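Below: one structure, written as structure tokens.
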Amino acid sequence: MPFETLLASCLAYVVLMFGVAFAADRAAARGHVRWLDHPLVYTLSLSVYCSAWTFYGAVGYASRSGLEFLTIYLGPTIVFTGAWWGLRRLVRVARMHHVTSVADLISARFGKSNRLAGLVTLIAVIASTPYIALQLQSVSLSFEVFATDTPYGPTLNGNTLGGTALWVAAGLALFTILFGTRNLAADERHHGVVTAIALEAVVKLVAFLTLGVFVVWWLADGPADILDRIAAAAAEPQNAEGWALRADRWTALNIVSAAAILTLPRMFQVMVVEAADEERLNTAGWAFPAYLFAMSLFVLPIAVMGRELLPAAANPDLYMLTLPASQGQNWLALLVFLGGFSAATSMVVVCAIAVATMVSNHWLVPVWLALRRPQGGEDADDLRGFVLNARRLAILAVTGAGWLYYHASGGTAALAAMGLVAFAGMAQVLPAMIGGLLWRGANRKGAYAGIGCGAALWIALIFLPSIGVGGDIPLPSGVDPWTFAVFLSLSMNILAFIGVSIFGFPDPVERLQGLSFVSAVEPIRHSRMTRGEGRAEPLLAMARRVWGPEEALRYFRDEAHAQGKTGYLPDLTPRFLTRLERRLGGSIGSATAHAMIDRVAGGVALTVSDLLQVADEAQRAKEETQRLESARAELARTALQLREANDKLTALSVQKDAFLSQISHELRTPMTSVRAFSEILKDPTLTHEERSRFAGIIHDEAGRLTRLLDDLLDLSVLESGRAQLSVTAVNLHDLISRALSAASATRPERSFLIDRDVASEHVGIITDADRLLQVLINVISNARKYCDADRPMLHIRVTRPAEGGTVINIMDNGSGIDSSRQSLIFEKFARLNDPARAGGAGLGLAICREIMAVLGGDIAYLPGLGGAAFRISLPQRPPVELPQAVA
Amino acid sequence: MGLDILMIEDEPNIAEAVRFIMTREGWQFGLHHDGAGGIEEIERHRPRLVILDLMLPNRSGTEILCDLRAAEDPALAATPVLMLTARGETTEAGSGADAVLAKPFANEDLRALVRQMLS
């Protein structure tokens with residue numbers, strides 16, 4: 001076939017595409033979108049998945065590796081049939097948030113982080129550039145098939161028509177700029193491009209099926225014959241290794257191609273961004289797998305026939321063209337050429353749109369915004385113009401980079417592997433995407449870690465080796481490096497994503513977005529503080545710069561109208577701001593829109609009510625945790641209190657038992673004497689002397705019983721705090737004198753030398769005189785009882801310390817109290833000496849201590865002074881709560 | 001002639017009463033008024049019966065009883081002991097003693113008990 005015919009057909013085809021795209025855009029602008037929105041158009045546009053790599057390369061792949069090429073079709077089929085609900089949710093969430101690209105989706109989910117979007121964009125750019133180069137190469141090679149007129153295809157080292165690729169790249173860039181950046185529509189849909197791609201999908205399919213039918217029924221003798229030939233080819237020893245099915249490679253290929261359908265920029269563009277709603281997927285759910293099935297049906301027959309009919313030197317990647325050409329079927333070859341051309345061009349166009357959107361939204365616009373700190377809302381610069389130009393520039397850059405890469409690599413066979421390299425690269429976004437949709441706990445740090453880790457491994461283990469940089473990784477024989485790298489990068493990606501997410505705490509915006517993504521409900525409104533009408537104008541100015549004056553004005557007027565206002569300035573209600581942000585987000589990315597509106601309307605990233613809402617949601621989770629935690633702590637505390645109370649009760653019970661036992665002993669002892677002697681007294685043979693002595697004993701013991709009971713009652717009253725005090729002013733000197741005289745009744749046979757400093761004793765004190773007297777008598781009596789000196793002596797000193805109050809020191813010259821027992825003397829029943837000498841139950845000092853406590857003072861034993869020494873301290877006045885009796 | 005009964009009791013009036021009752025019965029009666037030195041008194045007098053107060057200053061009746069039962073001389077260790085206790089719980093206090101009597105007691109009870117133990 002003459003090269004001119006080819007060129008003319010090609011140009012005619014290109015013109016047709018331009019025309020279709022133009023017509024579709026016109027129709028859409030006029031609102032005639034019914035057939036443009038047809039689910040079949042949507043389904044056909046999905047066929048952008050089948051790039052030239054799939055169109056030509058599948059046959060080459062099958063010729064080298066047998067059935068393995070099927071995985072490229074199986075992965076997407078599994079996603080569309082097995083995970084249709086997940087796809088629906090992805091589309092719903094993306095539409096809801098006006099997501100413009102896969103990078104925007106990830107950024108929107110993880111706190112509208114632009115840097116995260118920038119990272120995903122970087123992966124997309126790295127993965128897409130060689131992939132675009134691959135398309136350019138396929139177009140270039142297919143041209144050469146005709147131009148060189150060698151029936152078996154050109155060799156790869158020839159670069160004779162390098163110009164072809166340049167022209168193709170330039171043409172595609174032009175097409176993309178024309179139809180991809182005509183407007184900054186809020187929903188980011190490109191009817192012209194999508195319709196043209198749908199038409200190209202039909203051309204691809206027709207070309208492929210026609211060739212397939214030709215091969216099966218013309219070159220071979222029908223399906224049965226073909227199957228025999230395939231079986232024979234599979235049995236050939238030189239194919240045995242390449243055609244062998246390897247489970248690990250199959251798994252990896254399936255995973256990666258399933259990921260590709262979701263994450264490749266061009267697939268996300270046609271499947272999610274261009275989708276009007278999720279209902280499209282009802283048709284696409286079966287139609288797209290059917291399309292893929294049709295596209296894969298004749299791959300193996302063509303490969304087998306190509307191997308049989310063409311010389312071994314022929315490039316299997318070009319069997320699609322060289323096979324009909326070698327049979328003289330030039331028109332069929334032309335049709336196939338147009339199919340391949342369609343595959344390549346549609347891929348480049350959509351990929352360029354998608355990647356350029358990312359580059360402009362996540363690289364160029366943020367940088368531009370950061371460089372131009374706003375001087376106020378009314379600067380004259382045209383943001384709309386900048387965004388559109390940025391996108392055009394990005395399209396040129398992306399296609400240009402593809403061409404440069406093709407040119408620089410010299411069209412080597414290495415390009416053929418680029419499809420899988422790109423697949424594996426974009427698959428690194430998948431964990432964050434799925435995690436973001438399904439798991440509320442996923443957070444930005446996790447996404448950074450996962451994507452960063454996966455991307456780094458992908459670049460090191462897959463991308464760089466594919467372009468010949470860096471050596472092969474040392475692997476045990478039998479392990480496929482690509483498979484190993486895919487599994488390693490994806491599993492490290494997932495581990496990092498989950499691990500870091502678990503240990504990180506998401507910020508408020510993230511929590512909101514996470515909730516909205518995971519539950520796929522309307523996002524919680526970002527209510528901002530209403531600032532009044534005056535602030536709507538800068539917003540309008542901003543919107544005008546993004547959408548153009550007419551559309552912005554129309555939108556604002558409609559919104560104002562919806563609020564029941566005339567004019568074109570709506571109130572800045574939270575509802576309006578949220579809608580505006582999402583609409584703007586559709587044009588310039590959600591993170592940028594968020595930042596811009598905040599700058600104009602809010603000034604801060606989050607307002608008080610925003611924070612309240614976010615805090616509310618976060619608070620609930622935290623409160624739940626805290627509630628559980630505090631309940632647990634409360635339980636532990638209660639258990640501890642119970643244990644303490646129990647210990648206390650046990651101790652009290654032991655004390656009470658000991659006390660009762662003591663009282664029992666103290667009561668029974670005198671009772672024993674009383675009972676025994678009263679029985680003895682009945683004896684008539686007693687002498688008068690005996691009788692009177694025993695009666696005296698009974699009398700003494702009865703008195704002892706009475707004293708004991710008095711003491712017990714006294715102590716009980718004092719301990720219970722019910723003691724009635726009669727507070728008067730007394731002279732301490734008189735009180736001491738009375739105490740000495742009363743105590744002299746104890747062991748009257750012993751004469752004590754009393755040492756007093758009378759002058760210091762003349763102090764007036766306000767206290768209960770009787771109670772204080774009781775204490776003094778008790779202490780002095782004890783001295784009289786227990787002082788074992790030959791010449792007993794009692795020192796009494798009264799001092800008035802600087803800090804207030806009065807101190808009475810009473811000390812004898814005996815041997816004092818043994819240091820080991822000093823701590824016991826104030827305890828009940830702590831009688832130290834034998835009962836005969838004590839004559840009491842051992843309650844005296846216990847009662848003294850209680851009395852002094854009630855009087856607001858203290859009594860203490862002073863150790864180390866030789867004899868027994870007690871210090872009685874009195875406050876200046878008794879505590880206020882004492883009942884003040886009248887003197 | 002050795003003692004029939006040795007009493008260790010710190011309450012002089014109780015000791016006085018018991019002495020009166022015991023001597024009226026014709027028994028040889030000895031008294032020690034402190035826990036300390038109690039076991040030595042028993043060793044010295046080798047009484048046929050020991051009346052032991054439970055609550056004694058310095059060394060309790062229970063401790064003296066322990067010392068006695070641990071004596072090397074088996075005859076001494078087997079000396080019958082009557083424990084007097086002013087506490088309610090007679091069973092616990094009297095563990096190891098041959099008899100326990102709670103204070104206050106009827107004179108006749110004490111007499112009968114001692115008579116029975118001496119026989």
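Numbers restart at 1 for each chain; the letters A, B, ... are given by sequence-line order, proteins then strands. Note that the structure is predicted; figures quoted are calculated from it, not measured.
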[X] atom [atom1]: more than 12 heavy-atom contacts under 6.0 Å:
X      : atom1 : answer
B/E72  : CD    : no
A/M671 : CE    : no
A/Q641 : CD    : yes
B/H33  : NE2   : no

Between [X] and chain A, which part of the residue has a heavy atom less than 4.5 Å away: side chain, backbone, both or neither?
X      : value
B/E16  : both
B/A106 : both
B/F105 : both

How far does [atom1] of [X] sit from [atom2] of [Y], to the nearest 0.5 angstrom?
X      : Y      : atom1 : atom2 : result
A/S664 : B/K103 : OG    : NZ    : 11.0 Å
B/I14  : A/R675 : CD1   : CZ    : 12.5 Å
B/E9   : A/T669 : CD    : OG1   : 7.5 Å
A/R693 : B/F20  : CZ    : CZ    : 9.0 Å

Worksheet item: Given the options A/L667, A/L660, A/T672, which has more heavy-atom pairs under 4.5 Å with chain B than any of the others?
Response: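 Ranked by contacts with chain B, first place is A/T672.
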Fill in: Under 3.5 Å donor-acceptor, B/N13 side chain and A/I697 backbone
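Between the backbone of A/I697 and the side chain of B/N13 there is no qualifying donor-acceptor contact (under 3.5 Å).
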Item to complete: For residues B/R24 and A/I680, determine if any side-chain heavy atom of one lies less than 4.5 Å from a side-chain heavy atom of the other.
Response: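 No, too far: nothing below the 4.5 Å cut-off.
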Discussion item. For B/E11, is there an ion pair with A/R668 - N to carboxylate O distance below 4.0 angstrom?
Written reply: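 No, this pair does not count.
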Practice prompt. Go through the atoms of A/D700 and report whether side chain, backbone, both or neither lie under 4.5 Å from a heavy atom of chain B.
Written response: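 Looking at A/D700, nothing touches chain B.
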Worksheet item: Is there a side-chain contact (heavy atoms from CB on, under 4.5 Å) between B/M55 and A/H665 once you walk through the steps?
Response: CA-CA 9 Å; B/M55 291 259 296; A/H665 181 262; 3.3 Å; yes
